[in-house]
Amino acid sequence: MYTRLDQLRGYTRERLSRVLLESGGTPQARSERESYTQLYTDDIVRYDAAEHGLCFGRLDMDDGETRRIGRIGIRDEDDFATPLLLDWRAPLARPFYLATALSPDGVARRLHLRTRNRRVTGLSDEHLSGAADAGRASADGGAARDATSAGVAGEEALLTALEQARTGRMSDIVETIQGQQDTIIRSGHRGVLVVQGGPGTGKTAVALHRAAFLLYTHRKQLARSGVLVIGPNPTFLDYIARVLPSLGETGVLLSTIGDLYPGVTAEGTDGRAAAAVKGSLDVIAILKKAVRDRQGVPDEPITVRFDGYSLRIDKKMCTRARGRARSSRRPHNLARPLFRSVVIDALADQLAETIGTSVVDGSNLLSAADLADIRHDLRQDQEVRAEIDALYPELTPQQVLSDLFASEDRLRSAAPGLDDDQVAALLRPAPAGFSDADAPLLDELAELLGVDDSAEQDRERSRWRRQIADAQGALDILTGSAPQDLEDELDPEILMAYDLIDADELARRHDTAESRTAAERAAEDRTWAFGHVIVDEAQELSPMAWRMLMRRSPNRWMTVVGDTAQTGAVDGASAWDDVLSPYVAQRWRLAELTVNYRTPGEIMAVAAPLLAAIDPAQTPPVSVRDSGHPPESVATESERIEESVAEVVAALPPVGTAAVLCTPELVDRLRHLGGDRVDVMPVADVKGLEFDSVIVVEPDAIIGGSERGLADLYVALTRATQRLSVVHSRVLPRELAGLRAVGGVPAAARPAADDIAAGAGAAAAEATAAEAAR
């Protein structure tokens, strides 16, 4: 198989080299060359991505057929009808993920291969012809929970993968996809598919592999329209960045909500009060009013000089013009020509009355052609245009939003319903950067303002003319510097650049607009309609963020992945129907993941009471393994919190990743404890991430830090794949009674039992009551 892979890669590189050497020809020929260039480049990327772990499985069927499963499909050179290797996404490969001893699906034996580079490092096989093997324990002796009952296929291979140390980057799971996950990955639902799953159920992996599956199944459609994957933050996107390329898929746009608006990178941060206002749909009315406030009328008449005459722009004239523009129902910028036209007509009538009125009978002596000339000249006059444009200016979303939040007067005018605290939370200096919550507002303003396409087309034509001129200049230089001492009879045999290519072709070769992938072009186009949209940690999105996303998905073909029990955002989702029904009514489907592959059983036992307090209706996912490391708590004093955390960090194993999770206020205090292997992070930044070891600091402070503090603590506790430690100087919340206390502060220095009983987690109790009431 590797020999055949080398042959395919060599052949493709040769074809790509030939195409790149071709030039000239008709527009159709140039278009075909660009298509072949993209095709061969994509194939090379796929072959390179398949190099590691090319073949990872084999099926021996009951009828004697053998199927080999891998990252890509490869056919025999001599017998093209016979596949050497089946792509994991092909229908014939599906029994590799679904077959169990109780339901073998025609499989006699399943073989898992573990490889490094081109060397086999491990093998494990399962005989599925009878149910006697159904309860067979893991061959490596690992502590597997009742994996078979949890719906686990390929138990040994799965547990081997789960026990490996994390590297800080997410890897693909094509070798160990489970039945529940496979059903969702291959779902043919063409509407909104909601994937609900608790911690460690593989929601993110399922979403990314679904993207790869859809690109494989609907390649022609999605290659043109692209796939958008939304993550909660840049750290998460870095964490998953290698998964799709490892599957040979590069035409996917990864983005956060804050970076989805073209040309804007979210660098600022919002407090919870500001985020709540910006995330609510009520902000739409504020934005509309902010735009209308920029459509001014003068309190006092404005005098402009034109052709030696004084003309007046007054309130009545502008009110009429503004009413005409608004009644057109066009966005602000697209309605500007109407405003200008009404004002110009009124000014033309003023001038006509001044210079064209008959002294005999008071009639106007100017013809229709004379009036048309006056209007034309008024439109061209710089002073007149400047005064009109100042009243009804061309606006950008960035300009409107920056001005709105930089001025208390503008903000109070646009949002009279906000109280003083909300206004104070929203105000910021004009040069301040935009935040994640601003991106949906910019998108909404872009809809309210509109874009004057005629001006954009003029700029594009001007850009292309400059490129042609530059290309012609380069060819002229080559022509002028051509050697002049060649013998005449040799001249015709020597081809120079200007013999092979003209200015138009040279400009096209330097214009990368047409050679970019759909994802690259979509990243710069706010109006791009994606073929499929995948939203991870979807429970964190605000109503305004959903409104922005739905514009990117007019066909409403989406995969929405999340867990409402982990909602930490103040304006996040508590029920999927509340989020989706305004856009798709009841036309969405729910799929649930119930098996926990990441979080060991010991840790889930500690986290389960938190889940019960957050949502009693939810059932914790079933862990497939125990780690053998009971979660621990370390009590300390407030002044010694850094020292205690440092001691726990120092005791961690030398291999694997680790994280210290705490409130934002503690991050700066503990940051120096981080390093190459240990991250110090606020809980809000760890959604979707996983670490071998996790140290949670001051859980009571995490609970009291927000209205959804219980959910934040639940997220923090369930990030670990092996070890969990809790360091605290405050009293532990009662939900964490299952932790094993080790070391810490001597008993004499700790609060008395009566004190603990009297004040046991007041903040935790209040938060729990609030969640229960909600």
Side-chain angles (χ1 to χ4, degrees), residues 257-266 268 277-297 318-319 321-343 385-407 409-415 426 428 430-460 522-529 542-552 554:
I257 285 293
D259 294 339
L260 190 55
Y261 189 87
V264 172
T265 300
V277 174
K278 294 179 180 182
S280 169
L281 294 179
D282 294 339
V283 79
I284 297 173
I286 297 175
L287 299 178
K288 288 180 178 179
K289 184 63 166 60
V291 172
R292 293 170 74 90
D293 284 348
R294 305 300 288 266
Q295 302 166 357
V297 295
C318 293
T319 301
R322 186 176 64 180
R324 175 71 178 88
R326 289 177 176 176
S327 64
S328 70
R329 304 289 184 181
R330 298 179 186 178
H332 171 91
N333 288 331
L334 300 186
R336 288 178 69 242
L338 294 175
F339 180 89
R340 186 186 301 123
S341 178
V342 173
V343 175
R385 287 177 61 92
E387 293 292 351
I388 296 175
D389 289 344
L391 293 168
Y392 205 116
E394 182 175 12
L395 300 172
T396 66
Q398 293 92 322
Q399 176 187 359
V400 173
L401 200 62
S402 294
D403 292 348
L404 176 64
F405 292 146
S407 168
D409 290 339
R410 288 187 186 276
L411 188 54
R412 290 192 179 278
S413 174
L426 291 170
R428 66 187 182 204
F434 293 108
S435 67
D436 287 336
D438 287 328
L441 309 191
L442 292 171
D443 201 64
E444 190 70 31
L445 282 169
E447 294 289 316
L448 296 173
L449 296 174
V451 177
D452 191 342
D453 292 331
S454 60
E456 180 62 30
Q457 291 170 3
D458 288 342
R459 285 193 290 270
E460 180 61 24
E524 299 178 3
D525 186 352
R526 191 193 70 82
T527 62
W528 190 276
S542 70
M544 284 300 294
W546 280 109
R547 186 174 170 90
M548 181 184 190
L549 268 185
M550 290 299 175
R551 292 195 185 100
R552 305 303 193 272

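Small disclaimer: the values here were computed from a predicted structure and weren't measured.
Counting heavy atoms from C-beta outward, Phe434 and Arg428 have side chains that approach closer than 4.5 Å. Residues Met544 and Asp443 have side chains not in contact (no heavy-atom distance under 4.5 Å, counting atoms from C-beta outward). Looking at heavy atoms from C-beta onward, Phe339 lies out of side-chain contact with Arg324 at the 4.5 angstrom threshold. Counting heavy atoms from C-beta outward, Arg547 and Glu447 have side chains that stay 4.5 Å or more apart. In this structure the side chain of Arg336 reaches within 4.5 angstrom of the side chain of Asp389, judged on heavy atoms. When side chains are defined from C-beta on, Ile257 counts as touching Leu549, because their heavy atoms get closer than 4.5 Å. Contact annotation: the side chain of Leu449 never approaches that of Thr396 to less than 4.5 Å [non-hydrogen atoms, C-beta and beyond].
Leu334 CG to Ser328 OG: the interatomic distance, rounded to the nearest 0.5 Å, is 8.5 Å. Rounded to the nearest 0.5 Å, atoms CZ (Arg410) and CD1 (Ile286) are 15.5 Å apart. Distance CZ/Arg526 to CZ/Arg551: 6.5 Å, rounded to 0.5 Å. Rounding to the nearest 0.5 Å gives a distance of 10.0 Å between CG of Leu445 and CG of Asp438. Atom CG of residue Leu441 and atom OG of residue Ser435 lie 7.5 Å apart, to the nearest 0.5 angstrom. The distance from the CD atom of Glu444 to the CG atom of Leu287 is 6.5 Å, given to the nearest 0.5 Å.
Side-chain N or O atoms of Ser341 include none that pairs as donor or acceptor with a backbone N or O of Pro337 at under 3.5 Å. Between the Ser407 side chain and the Asp403 main chain, no donor and acceptor come within less than 3.5 Å of each other. Panel note: side chain Asp282, backbone Val277; no donor-acceptor pair is recorded below 3.5 Å. Side-chain atoms of Asn333 never come within 3.5 Å of backbone atoms of Glu394 as a donor-acceptor pair (strictly under, hydrogens ignored).
Here the closest non-hydrogen pair linking Ala266 and Asp259 is N-OD1, 3.0 Å. In this structure, Ala545 and Pro440 approach most closely via the heavy-atom pair CA-CG, 3.8 Å. When all heavy atoms of Ala290 and Ala414 are compared, the closest pair comes out as N-CB, 3.9 Å. Residue Gly279 comes nearest to Pro543 through the heavy atom pair O-CD, 3.2 Å, listed as atom of the first residue, atom of the second, then distance.
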Verdict with reasoning, Arg552 to Leu260, per side chain to side chain contact (heavy atoms under 4.5 Å, CB included): CA-CA 10 Å; Arg552 305 303 193 272; Leu260 190 55; 4.2 Å; yes
Arg322 vs Val342, side chain to side chain contact (heavy atoms under 4.5 Å, CB included): CA-CA, chis, key distance, verdict: CA-CA 9 Å; Arg322 186 176 64 180; Val342 173; over 6 Å; no
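Taking the six-membered ring where tryptophan is involved, the planes of Tyr392 and His332 are essentially parallel, since the angle between them stays under 30° and well short of 60°.
Crowding of Arg292 atom CZ: a count of heavy atoms from other residues, nucleotides or ligands under 6.0 Å not exceeding 12. For Lys288, the NZ atom is loosely surrounded, since the number of other residues' heavy atoms within 6.0 Å does not exceed 12.
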